[in-house]
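No experiment lies behind these values; they were computed from the predicted model shown. Read the numbers this way: they start at 1 and go in the same order the structure lists the ligands and their atoms.
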Amino acid sequence: MDNITIARLLDETAALLEIDAADPFRIRSYRRAAEAVEQQTTQLATLTGPDADPKALLAIAGIGKGMAANIRDLVATGSMPLRDELLAKYKPTMLELLRLPGMGPKTVALIWTALAVGDIDALEEAAKAGHLSTLPRMGEKFTLKLLKGIEDYRKNSGRFRIDDAEEHALRISALIREFPGIDQITPAGSLRRGRETVGDLDLLVTGPACEPGVVSAAVEHVASLPLIDKLLAKGQNKVSFTLRNNLQVDVRLLPRASYGAALQYFTGSKMHNVALRQRAIKRGLTLSEYALLRLEDNVIVAAASEEEIYRALDLDYIAPELRENSGELEAAANHSLPNLITLADIRGDLHMHTNATDGRDTIRQMAEAALARGLSYIAITDHSKHLAMTNGLDDARALAHVQRIREVDAEMDGRIRVLPGIEVDILADGALDLEDSTLSQMDIVVASIHSRFDQPIEETTARVLRAIDNPHVRILGHPTGRMLLKRDAYAINMDVVLQRAAELGVAVEHNAAPARADLNDLHLRLAKQHGCKIVVDTDAHATEELDRMWFGITQLRRAWLSAGDVLNTLPFDQFMAELRPKP
Ligand code: DGT
Ligand code: CA
Ligand code: CA
Ligand code: ZN
């Protein structure tokens with residue numbers, strides 16, 4: 001049994017434990033072990049025999065005594081007792097069902113017990129036949145929502161979220177870098193352009209080990225990386241493979257002299273490249289993945305860096321996020337590209353949760369973590385009571401929470417400002433979930449929709465308009481409600497909403513959670529056109545999630561935004577002055 005198979009079985013066990021509603025800590029230990037195993041260069045099967053050193057497995061970080069015993073069982077028998085026990089109850093395909101909207105572990109387990117339905121095709125059949133509505137809390141509405149969810153899921157499968165892709169890129173890069181003579185590894189393609197999802201991963205590698213004549217040894221190194229599931233192709237300077245989750249990875253090893261041309265070519269997008277090549281031809285040049293050449297005599301004009309290539313085509317440097325052939329070439333030609341926002345421009349974060357509702361950490365911990373990340377102000381915006389599953393705050397608890405937030409603000413002694421706020425739920429008719437008198441005590445009221453995504457477009461639009469008409473609302477939170485690869489945006493007339501938000505001075509949020517990433521880049525460009533105030537927030541539910549501001553910034557850059565377009569780049573006093581005035 002090879003390492004990838006061991007990793008897959010451990011991961012599958014984690015999924016089965018999830019359906020079994022096991023302790024999250026236990027689930028994580030199996031996931032972590034799977035990741036540790038697939039990164040090992042030694043085949044674990046060789047460490048488990050009767051002659052093997054019993055300590056060898058324990059030396060691997062992430063593998064304790066229990067896990068070592070599991071691995072020995074897997075190698076010896078092809079399975080292990082816990083897995084057998086879980087498989088007697090569930091099917092591994094049930095894991096996929098967890099990715100559908102409304103399908104938590106309990107629902108998945110119930111559908112399995114009641115109807116013996118354990119995979120997507122069977123679930124779709126059962127839903128269409130009306131079998132689900134015989135089960136508790138799964139009426140017709142649930143069935144319709146689920147069928148839509150299955151459709152969305154099928155449409156999106158095969159793509160990966162940018163944060164997943166980024167994590168895999170980092171892990172693979174670390175392994176490639178172990179080979180001597182590698183200087184630089186750059187993710188290209190859609191990941192470098194910062195798209196919300198990627199189809200496959202394109203990694204470009206350069207260094208002395210990638211030069212012609214010696215590159216084959218580095219190719220062999222890449223082709224034998226431990227986490228490769230299936231090797232798809234091994235060429236002179238290219239290796240393609242898939243990972244255990246089916247993500248395809250294309251690695252190209254390139255000489256230093258043409259690295260810039262390759263980076264430009266493989267970053268794309270295809271449409272940007274087509275337009276750029278046409279521009280080259282008009283100038284008597286030809287652009288390829290190897291170089292920008294003069295047509296008449298094949299003399300190299302530029303190749304080593306992207307900057308040289310753009311300059312030789314009389315263009316300002318175009319940031320990867322803008323390379324979608326949506327006006328960037330024209331702007332680069334007449335020196336009107338925007339000075340794009342960067343992470344360092346951000347000074348505040350106005351949307352985050354604590355353990356008062358569904359967050360993990362305390363107000364103080366969130367404040368310290370934000371301070372450590374260089375922020376100078378944050379708002380604590382826990383959920384309101386309508387979101388019962390998050391332990392949302394009613395009016396009394398919300399007011400008590402304001403007091404505690406003010407205490408922490410005082411404790412922080414001006415090192416960072418901690419503002420009392422709320423993420424108040426927008427109810428089905430557009431009313432807000434808390435009393436105006438409660439909202440009046442908050443510095444930051446973020447209003448968001450979390451339910452009834454099925455309303456017709458006119459109703460949802462009117463619902464949001466009514467909500468932002470409430471004078472206490474200062475920010476409209478994640479305005480489309482989508483969950484990437486999981487749930488489409490609800491139907492809403494964004495043009496009307498943005499126009500009204502601009503009139504009222506309500507800021508619209510870009511939510512930096514990679515699962516949400518709304519408003520998307522097109523909506524953000526529209527928001528700017530309408531003169532909307534824009535904020536970018538992490539919606540962090542734990543301290544480390546404050547780090548995902550990065551993903552939000554990438555989307556803002558894709559929308560051509562500068563620091564001046566985004567409110568929470570301002571120093572605290574100016575920021576507060578720019579918000580919608582309190583009634
Ligand atoms: P993805 O993987 O679907 O998220 O999107 P990309 O943009 O990463 O596309 P991919 O992986 O097929 O190719 C990476 C880049 O390589 C692409 O953005 C531009 C360049 N490229 C690939 N094939 C072609 C082609 O046939 N023509 C041109 N001009 N460029 C190409
Ligand atoms: Ca790609
Ligand atoms: Ca590719
Ligand atoms: Zn939130």
* For residues Ala517 and Leu484, report the shortest heavy-atom separation together with the two atoms involved. => CB-CD1, 4.1 Å

* **Heavy-atom closest contact (His478 atom, Ser448 atom, distance)** => CE1-CB, 3.6 Å

* Asked: Is it true that Asp394 and Lys385 have a side-chain N and a carboxylate O under 4.0 angstrom from each other?
  -> no

* Does a salt bridge link Asp565 with Lys528, judged by any charged N lying under 4.0 Å from a carboxylate O? -> yes

* Specify whether His353 and His541 have parallel, tilted or perpendicular ring planes, treating 30° as the upper limit for parallel and 60° as the lower limit for perpendicular. => parallel

* Would a distance-only check, ignoring hydrogens and angles, find a side-chain to backbone donor-acceptor pair under 3.5 Å from Arg474 to Arg580? -> yes

* Structure fact -> What one should report as the nearest heavy-atom pair of Ala491 and Thr460 is O-CB, 3.4 Å

* With a 3.5 Å cut-off and no angle check, do the side chains of Gln455 and Tyr490 form a donor-acceptor pair? -> no

* Structure fact -> Protein N/O/S atoms closer than 2.8 Å to the Zn ion (ligand 4) number 4

* May I ask you to determine how many protein N/O/S atoms are under 3.0 Å from the Ca ion (ligand 2)? => 3

* To do: Examine distances only and state if a side-chain atom of Asp349 and a backbone atom of Ile378 form a donor-acceptor pair shorter than 3.5 Å.
  => no

